[in-house]
Each structure stands twice: as C-alpha cells, then as structure tokens.
Amino acid sequence: LAALTAVPFKPIRSTLTLAAAAGALFVLAQLQTRSGVLVFTATLVLACLTPLWGRDLGRTKLFVLPLLVVLVAALKYRAILHAGSLLLDRFHDHDNTAQSRLEALLFTPEHLLDPRWWWPRGTETFIQLYGYLPHSNVTALFVEGGLPGLLMWFAVFALPLAALVRQFMAGRLDQLATVVMLVGIGFLAVQLSLHVPFFKQALLWGGAVVGTL
C-alpha cells in the first residue's frame, strides 16, 4: 500500500490507496510494532519522492500528499493520538530490543573472518550465546547456512535490489517495476531487524525484485 502511492495521482485510485494505507498504519499501531510503522512510513516517503527521478510517476503527489497529510493531522490530531497511544507508549519503553537488534546485526561482520562460522551452526548456537533469536535475517541465514547462506542472502536479496535501484536512478523502470523496487527496499529494511529466514514473504519479494530486474 505504501509503495502503490508511487503511481501517478488519480483522485479515486489515490484516495482508496491512501485510505487503505491509513488503515494499515492503524493496524500496525495496534500491534505496537515500532519497526513496522517506521518501515511503512519510510516506504511511503520514498514513494512520494519517486517523481523526482521519474516524471511519468506524476509530480502532483509531491505537493498534494504532504498537504493532505498536514490537513488530516491538523483536523484529526486527537483521534490520531488516541489511535496511536499504545504505539507511543512503546516508543517510551526502555527495553533492550534496539540493543538486541544491534548485536544481531554486528554478529555477522564480527564473525565473518572466523572459519568456524563458515559452515552451518544453527540458530540454537546463537541463542546459547545471547539468549534470543537473532533479530537480523542476514545473521539468521549466516548461522543457519554458514558462508553459503550469507552469500545466498547477498545474491538473492541485496545485489539484485541494488541493481534495480541503479536502473531506477537511470530512469529505466516503469511504474510497476518502481513499486516492486520500493517494496524490495522496505522488506530489505525488515530483514535487517527481524528473524525471518523461512518466511514466504522474504522469498516472494526477493523473487519479485529478481524477476523485475
């Protein structure tokens, strides 16, 4: 839904998309997922900025969407604060999820030159060391698949997406390809902070990026 806002602005289609996106944000807020809201919002911002590189995406949204967001926020700020109250409480929590995500993200570069980690060790090994699942799909595939697993992550998820972004910057992507690229970027961010080595969505969007490229 966030990525679909990249397509040219049309009153009915864009209104339905934005309404559904607002509903998705409401669901994320009720789930109290800080990372989900941040990734969704960042993808929405990127989608709104895509016309700076692709004129065919319609530059109307560069002015209309920010104005619409400010207008809705001004008129419905009490309702928005009420709907997001649980999520705001989570942002004030002093839990250790940020620290655990950082530890998981740094685990792979810290152990990359150690040959003992070049073959599969299993997620259980990481849990024994830290007491929780690795909150990074890069590390998850590294401990599950060793060096081949790590190389697979780059070959399937990172490198094709980087190539697709270069194509976009060169003005070679159509509207559908741009939407796939945006979701690919969003899901790459998700992979950096969540343990999703066997989730279908990871392979779905990784495959969509490869197929689009």
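Listed here is the closest heavy atom pair of A29 and V37: N-CG2, 4.3 Å. Smallest separation of non-hydrogen atoms from T43 and L182: CG2-O, 4.0 Å. Across all their heavy atoms, V210 and V156 have their closest contact at CG2-O, 3.7 Å. For D56 against P8, the heavy-atom pair with the smallest separation is O-CG, 3.3 Å. Between R101 and S193, the closest heavy-atom pair is NE-O, 3.1 Å. Closest approach of T5 and A47 over heavy atoms only: OG1-CB, 3.2 Å.
Note on F198 and L141: separate hydrophobic clusters, where clusters join Ile, Leu, Val, Met, Phe, Trp and Tyr whose side-chain heavy atoms are under 4.5 Å apart, directly or indirectly. Cluster membership for V165 and F187, using ILVMFWY side-chain heavy atoms within less than 4.5 angstrom, is not shared. F107 and Y132 fall within a single hydrophobic cluster, where Ile, Leu, Val, Met, Phe, Trp and Tyr side chains are chained together by heavy-atom contacts under 4.5 Å. V143 and V138 end up in the same hydrophobic cluster when Ile, Leu, Val, Met, Phe, Trp and Tyr side chains are linked at under 4.5 Å. The cluster map of Ile, Leu, Val, Met, Phe, Trp and Tyr, joined by side-chain heavy atoms under 4.5 Å apart, puts L161 and L213 in the same cluster.
Side chain of N137 to main chain of A140: no donor-acceptor pair is present (N/O by atom type, distance under 3.5 Å, no hydrogens or angles).
There is no side-chain donor-acceptor pair under 3.5 Å between E124 and Q128.
Using the six-membered ring where Trp is involved, F168 and W53 have ring planes that are tilted, between 30° and 60° apart.
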Please walk me through it: do T125 and W117 pass side-chain contact (heavy atoms from CB on, under 4.5 Å)?
CA-CA 10 Å; T125 305; W117 291 91; 3.5 Å; yes
Hey, mind stepping through T139 and T108 against side chain to side chain donor-acceptor pair (under 3.5 Å) and telling me if it holds?
CA-CA 6 Å; T139 296; T108 297; 2.9 Å; yes
Does the pair E144 and T123 meet the rule for a side-chain contact (heavy atoms from CB on, under 4.5 Å), with working shown?
CA-CA 6 Å; E144 284 287 345; T123 304; 2.4 Å; yes
Could you walk me through whether L71 and L67 satisfy the side-chain contact (heavy atoms from CB on, under 4.5 Å) test, starting with their C-alpha distance in whole Å, then the side-chain angles of each, then the deciding distance to 0.1 Å, before giving a yes or no?
CA-CA 6 Å; L71 181 62; L67 181 62; 5.6 Å; no
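Annotation: the span from L150 atom CG to L112 atom CG amounts to 6.0 Å, rounded to 0.5 Å. In this structure, CG on L52 lies 8.0 Å from OG1 on T50, to the nearest 0.5 angstrom. Atom CD of E110 is separated from atom CG of L105 by 10.0 Å, given to the nearest 0.5 angstrom. Here CH2 of W153 is found 8.5 Å from CG of L159. Values are rounded to the nearest 0.5 Å. For the atom pair M181 CE and L188 CG, the distance stands at 12.5 Å (nearest 0.5 Å). Taking OG1 of T17 as the start and CD1 of I12 as the end, the distance is 11.5 Å to the nearest 0.5 Å.
When the shell of 6.0 Å around CZ of F199 is examined, it contains 12 or fewer heavy atoms from other residues, nucleotides or ligands. R172 CZ: 12 or fewer foreign heavy atoms inside a 6.0 Å radius.
In this structure the side chain of R121 reaches within 4.5 angstrom of the side chain of W119, judged on heavy atoms. Side-chain contact between L176 and V7 is absent, with no heavy-atom pair separated by less than 4.5 Å. A heavy-atom distance below 4.5 Å is not found between the side chains of L1 and L44. In this structure, H135 and L192 have side chains that are not in contact, with every pair of non-hydrogen atoms separated by 4.5 Å or more. Taking 4.5 Å as the limit, some side-chain heavy atom of F157 sits within range of a side-chain heavy atom of L203. Between L28 and F40, some side-chain heavy-atom pair lies under the 4.5 Å cut-off.
A cation-pi geometry, defined here as NZ or CZ lying under 6.0 Å from the six-membered ring centre and within 45° of its normal, does not hold between R116 and W118.
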